[in-house]
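Here is the structure we will look at.
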2 protein chains.
Amino acid sequence: MVTMKDIAMMAGVSRSTVSRVLNSSGYVSEDARKRVEKVIQETGYVPNEHAKSLRTKKTKVIGVILPTIQTETPSRIVTGLGRELSKNGYQILLANTDHDTKKELEYLDLLKVRQVDGIVLIATNTEPELLNKLKEIDIPLVMVGQEADDVVHVTYDDYHAIRDLTRLFIKKGHEKIGFIGVDETDRAVGYIRKKGFYDEMAAYGLTIEKQWIQQGIFDIDSGRVAMEKIMTHYKERPTATIAVTDRLAIGAISFLKEQGIQVPTDMAIAGIGASEMSQYIDPSLTTVDYQNEKAGEEAAKQILALIDSKPYQKKIILDYRLIERDSV
Amino acid sequence: MVTMKDIAMMAGVSRSTVSRVLNSSGYVSEDARKRVEKVIQETGYVPNEHAKSLRTKKTKVIGVILPTIQTETPSRIVTGLGRELSKNGYQILLANTDHDTKKELEYLDLLKVRQVDGIVLIATNTEPELLNKLKEIDIPLVMVGQEADDVVHVTYDDYHAIRDLTRLFIKKGHEKIGFIGVDETDRAVGYIRKKGFYDEMAAYGLTIEKQWIQQGIFDIDSGRVAMEKIMTHYKERPTATIAVTDRLAIGAISFLKEQGIQVPTDMAIAGIGASEMSQYIDPSLTTVDYQNEKAGEEAAKQILALIDSKPYQKKIILDYRLIERDSV
DNA sequence: GAATGGTGTGGAATCGATTCCATACACCTT
DNA sequence: AAGGTGTATGGAATCGATTCCACACCATTC
């Protein structure tokens, strides 16, 4: 492998001079610069990043911890993140937890060992154990999608989005509304979205039957199962159901169609996330668009600001957009 | 930051001994080992990976170049890849080209600079320029999804899959079959799938109208547009159409439904890829399952074998599975 | 009692960059 | 003539690990 030393020898200068050429720092004569550049050109030399990192303590790598890249939300965030980071010469080291929250902790250590310049956490949980760990790791960190004190974060306005969605149903005359949520340890998706729903219902004095509230995980099939449970409540069925993700909503619709129940006539449905498929299923799905790529870009900007010790925003709440389609 | 030197001092041993404890190599007395481990425990010391890499020339990082993580094929591959790699202590450095083939070349350099131990290329093109570059980069490399001489690769049996799909239509009595492809610079998806289609049609002596063959890009909307073009051929319309990806097929169906054309009665449709949505759209889509996660795992195994100079397979062709659903 | 071999340990070189410091020369300025 | 300033360059220390080598000690063995 060709190193700086070789370049220095071949160009007849010292390593210091080569370094100066490489980093365009300090004084270098036009003559020396030309010679060095020529040799670099000829040899195809590239500086060793590890040696560089060892010395400068900078790696130009951002670690990204996420639960999966197989669903649209995280993959869009990563796309936005990657775009913005690569503009600034940074790259992404991927840490996929596969929805295993224990791995979030493990990966934090791993990323620390690798001396990443920053960490972006597309988190699913905000347990104290994690938050404590975040505090003791003194690497710039930005969290996306979840709110947390003392942590810079970029989030969506989950609370108002779900209230808007609920109000949309109410305005259309629905009084019995079901809800398909997820586990509340996921604070943003599980807890806040549920709370928004309850609050809006309460604001209109509407009551909710216990069985209308079901819980799924993050896949389509659990949406089917949840809807099945809701519909087996024969005494009184809701006339509309809100699912906290599009996939859950799609699963719910799929079950209803199988049963010959008309959407939206017999049951109106809405999801959240504006997945690409939401507009192609039948009926097209009413949902909320969250600008995930922008969230990724914002997260990138914040992490870069943190790294460069520039002013940053501790808390960014992104706007959302209700997309009303045929499912309501 | 606490370094090996600190640990050595605090434990009252030399750095050599600390290193031996860390790597469980050479001789270390039980007594010394205990002391060192205790200090490491107390200080929370973690060795600096860059220093290590500089010395050992190993980084335990695999670079992954891909066109996007927003579609299911690459994201599934990366999931499989990541799972297998992390089992072996490797991590993924992500390089997202955003479908820009020029960036594939750039990223190859970037990954080289970072001294990644291996590169996995989820490629979209196999132009000579790229292949030449691959040869001169002497880092273990595996390509997924595209075939290429002199490069270790994991591919799908595109040719036979599309022939099977075509034959399925023919057996059902279709004689006029349309085709929605993509640009042929994507050899696997654009060229081979098209060739398989032509060959199977020819085998049955069936002719193809020029206008039945349309081209899209990799999104749903271009599938709509392509189908629209096919249907404006009023003289003779096909009774079935094969799309080379599920998204194109979904776009096509979406157009047909809008026009009140029945699927599959008036037009049968099939895609490729077994996207999650394929079973939830209406009618459910006939498609081909390619085991993308397994492809990722296989790619991981090959790259690890290459790195460890163990026996590897130059060429892996994965099996596929036809999924017949309501769209035919 | 000398040779052999298994243990255990530390010293020092090394990986490939960056960066501080010393030095040197040319050209002004007072 | 002495001193100051801008330009140009090289030497050497440094980052934090790994690893080869030398050496010391103790227990066998012939």
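These numbers come from a predicted model, not from an experiment. Order of the sequence lines fixes the chain letters, A, B, ..., with proteins taken first and strands second; residue numbering starts at 1 for each chain.
Distance CZ (A:R114) to P (D:dA17): 14 Å, rounded to an integer number of Å. Rounded to whole Å, atom C1' of C:dT9 lies 16 Å from atom CD of B:E30. We find that CZ of B:R15 is positioned 13 Å from C1' of C:dC15, with the value rounded to whole Å. If you take NZ of A:K52 and C1' of D:dG16, they are 19 Å apart, rounded to a whole angstrom. Taking atom CE on A:M9 and atom P on D:dG10, their separation rounds to 14 Å, with Å as the unit. Rounded to whole Å, the distance from OH on B:Y45 to P on D:dG16 is 10 Å. Taking atom CG of residue B:D6 and atom C1' of nucleotide D:dC15, one finds them 13 Å apart after rounding to whole Å. Nucleotide D:dC15 holds its P atom 14 Å from the CE atom of B:M4, rounded to whole Å.
Side-chain N/O atoms of A:S14 include one lying less than 4.0 angstrom from OP1 or OP2 on D:dG10. In this structure, A:K57 reaches the D:dG16 phosphate: one of its side-chain N or O atoms is under 4.0 Å from OP1 or OP2. Applying the 4.0 Å criterion to OP1 and OP2 of D:dT18, one finds that B:N23 has a side-chain N or O inside that range.
Across all strands, A:K5 comes closer than 4.0 Å to no nucleic acid atom at all (heavy-atom distances). Among the atoms of the strands shown, only primed sugar atoms or phosphate atoms (P, OP1, OP2) are found under 4.0 Å from some heavy atom of A:S29. If you check every strand for non-hydrogen atoms under 4.0 Å, B:T56 touches sugar and phosphate atoms only. Residue-level contact check: A:V18 touches neither bases nor backbone, having no heavy atom under 4.0 Å from any strand. Using a 4.0 Å heavy-atom distance criterion, A:T17 is classed as a sugar-phosphate-only contact.
The closest side-chain donor-acceptor pair between A:Q70 and B:E293 falls under 3.5 angstrom. For the residue pair B:Q146/B:D186, the side-chain donor-acceptor check at 3.5 Å is satisfied.
The two residues A:G118 and A:I307 have their closest heavy-atom pair at N-CD1, 4.3 Å. Closest approach of B:E147 and B:T155 over heavy atoms only: N-CG2, 3.7 Å.
Donor-acceptor pairing under 3.5 Å, judged by distance alone, is absent between the side chain of B:R55 and the base of C:dG16. A:R20 contributes a side-chain N or O that forms a donor-acceptor pair with the base of D:dG10 under 3.5 Å.
The side chain of B:V28 lies closest to C:dT9 when the candidates are D:dA17, C:dC15, C:dT9. When distances run from any side-chain atom of A:L54 to the nucleotides D:dA17, D:dC15, C:dG10, the shortest one goes to D:dC15. Checking C:dG10, C:dA17, D:dT7 against every side-chain atom of A:Y27, the shortest atom distance belongs to D:dT7. Here C:dT19 is the nucleotide among D:dG10, D:dC15, C:dT19 with the atom lying nearest to any side-chain atom of A:S19. The side chain of B:S16 has C:dA12 as its nearest neighbour among C:dT18, D:dA17, C:dA12.
With the nearest nucleotide of DNA chain C identified for both B:R35 and B:A51, B:R35 has the one nearer the 5' end.
Here A:K34 pairs with A:E30 in a salt bridge; the nearest charged N to carboxylate O distance falls below 4.0 Å. Under 4.0 Å is where a charged nitrogen must lie from a carboxylate oxygen, and between B:E42 and B:K38 at least one such pair does.
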